[in-house]
Amino acid sequence: MLIDNLISSVGRMADHVLHGRIVGVLGMMVEIGGVQRALSVGDRVTIIARGDRRVPAEIVGFKGERALAMPFGTLDGVGLGCRAEIAQTDPVIYPHESWLGRVVGSMGEPIDDLGPLNAGQIAYPLRNAPPPAHQRQRVAGKIDMGVRALNQFLTCCQGQRMGIFAGSGVGKSVLLSMIARYTSADVIVIGLIGERGREVQDFIHDDLGPEGLARSVLVVATSDQPPLMRRQAAYLTLSVAEYFRDQGKNVLCLMDSVTRFAMAQREIGLSVGEPPASKGYTPSVFAELPRLLERAGPGLRGSGSITGLFTVLVEGDDHNEPISDAVRGILDGHIVLERAIADRGRYPAINILRSVSRVMPGCNNDDEKRGGRPRPANARGLRGYGGNDPARRLSPRLGP
Ligand SMILES: Nc1ncnc2c1ncn2[C@@H]1O[C@H](COP(=O)(O)OP(=O)(O)OP(=O)(O)O)[C@@H](O)[C@H]1O
Ligand SMILES: [Mg+2]
C-alpha cells in the first residue's frame, strides 16, 4: 500500500513550477506580484519563508496587479522578496475506506499517531459542488438518531439536513455526541470546527468509544488555528462524507459548529477588505453557507446519502441573529435547545414546540402521526429506536 501511495503521489506531481515574489505583507495578508495572471481565487501557493520554511497559502483576492494570499500557518520568516510557488493542481483530497477510525487535520493529514493515511484513487475537490438538484434522489427512509425525543417528535429522514440551535453551554456538543454514539447510520463523519481542543479527546474516548470510532472519521481544526484552516476543515468534512456517500453508504455528517465556519469566513472576508454587513459578517459568509450546507443531502441515484446535523451557536440567545437566521433558512429543520429547560436540569434541553423537522410528515405513517409509538424495528427490518434502553435517552458522557 505504501508503494501504491508513493506511485500515485509521484504521478500527481507537477511537471513545472511557477514562482512569484512577495511584494507586501499586511497582518495575515500576503501580496504576491509577478504571477497574478496565472492565479485565480481559491488557488494554492506555497510561500518559501526564510530558513526554507514552507507556508501553504490560498489566494483569496486581487488588488491592482497583486494577488492576495492568506496563509494556513504563521507568517514568521516571511518578508519582501520571498518566493511563492504556485501549485498546478486544484485543492483536492483522495479519501480511502481505511480513513474510518482515523482523526485528520484540515489538510487531510493524520493527527492521531496511527501512521500515514492511505490515498484512494478518486480525487474529491475540497469545494465540491452539490449534485444537480433534479438528479438527486428524494429524501426518504427514517434514520435512527438514537435519541428518543428526536425520533419521536422530530423524526429525521436519510438525506435530511438539520440544525441544532442553542446559546453557549446549553448542550449542543453533548447532544451531538449522543447522536454519534447511538445512530444507525453506516458511517459517521464528524467535523469539529473551531471548538475546544479538549473536546476532541472527550469525543473519541467517552462519546464514540472504540466501536463508534471504527465507523467514524473525525476532522479537527481547533479554535486556535488560522481561519483558513478552520474553514477548510469544514470543506474537508463534507468531501470525506461525499466519498462515503458515493460508495453507497448512508452517511451521518455532524459538524460542531457551523457558526465557527461562518466566523472563519468573516475573518477572511474582512482581511480582504469586504464590507461588514450584519454583526460584522461579510457578504461572502452568506454566499458560502449555502454552498457548504447544500453538499449534504441525498446523492444521485445508486449512491447513498448524507444526513447532515450542524450545530449553530446562537449568540446572546437571540434566535434571529444573522447566522441562525441564514442557516435556519437553508436547512430542512431545526432542533432548538433552550437555556431555561437546561437550567431546570432537563437534558437534552430540546424545546419541542419551537423545533421543526420539515420532512417529518412524509416519513411517519398514519399511526405515528397520530402520536403512536414508532413501529417495532424488526417489523420493518430496520434498526429500532432503542427499545427500553434508558441510556438512549441520557447523555453517554454524563450518565443517568
Ligand atoms: N444531556 C446532558 N446531560 C447532562 N448534562 C448535560 C447534557 N447536555 C449538556 N449538559 C451540561 O451542559 C454543559 C454544556 O454542554 P455542551 O458542552 O454540550 O454545550 P454547548 O452548547 O456545546 O456549548 P458551547 O456553545 O460553549 O460549545 C455540559 O458540560 C453539561 O454540564
Ligand atoms: Mg459545544
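Remember, it's 1-based here, ligands and their atoms both numbered in the order they're listed. In this chain, numbering begins with 1 at the start of the sequence shown.
- Annotation for E109: atom CD counts as buried by contact number, over 12 foreign heavy atoms lying within 6.0 Å.
- Between R127 and E242 there is no salt bridge, since no side-chain N of the basic residue sits under 4.0 Å from a carboxylate O of the acidic one.
- When K172, R196, R346, M178 are ranked by how near their heavy atoms come to atom 26 (O) of ligand 1, first place goes to R196.
- Considering backbone and side-chain atoms together, G169 places an N or O closer than 3.5 Å to an N or O of ligand 1.
- Counting atoms of ligand 1 from 1 in the listed order, those under 4.0 Å from a heavy atom of E195 are 27 (O).
- Remark: E321 does not engage K279 in a salt bridge, criterion side-chain N to carboxylate O under 4.0 Å.
- Using a 30° and 60° split on the angle between ring planes, Y235 and F261 fall in the perpendicular class, above 60°.
- In this structure, the side chains of F203 and D256 stay at 4.5 Å or more apart for every pair of heavy atoms.
- Taking any N or O of V174, backbone or side chain, at least one lies under 3.5 Å from an N or O belonging to ligand 1.
- Under the 4.0 Å criterion applied to side-chain N and carboxylate O atoms, D202 and R198 are assigned as salt-bridge partners.
- Ion pair D112/R102 flagged as a salt bridge, since at least one NZ, NE, NH1 or NH2 atom sits closer than 4.0 Å to an Asp/Glu carboxylate oxygen.
- Counting atoms of ligand 1 from 1 in the listed order, those under 4.0 Å from a heavy atom of G171 are 8 (N), 9 (C), 15 (O), 16 (P), 18 (O), 19 (O), 20 (P), 21 (O).
- Of all the heavy atoms of V170, the ones lying under 4.0 Å from any atom of ligand 1 belong exclusively to the backbone.
- A salt bridge between D332 and R161 is present, with a side-chain N of the basic residue lying under 4.0 Å from a carboxylate O of the acidic one.
- For ligand 1, the atoms sitting less than 4.0 Å from at least one non-hydrogen atom of L313 are 25 (O), numbered in the order shown with element in parentheses.
- Around the Mg ion (ligand 2), the protein atoms of type N, O or S that sit closer than 2.8 Å are S173 OG.
- Using a 4.0 Å cut-off between charged side-chain N and carboxylate O, E267 and R231 make no salt bridge.
- Each of the following atoms of ligand 1 lies closer than 4.0 Å to a heavy atom of S168: 23 (O), 25 (O), 26 (O).
- A salt bridge between R53 and D76 is absent, with no side-chain N of the basic residue lying under 4.0 Å from a carboxylate O of the acidic one.
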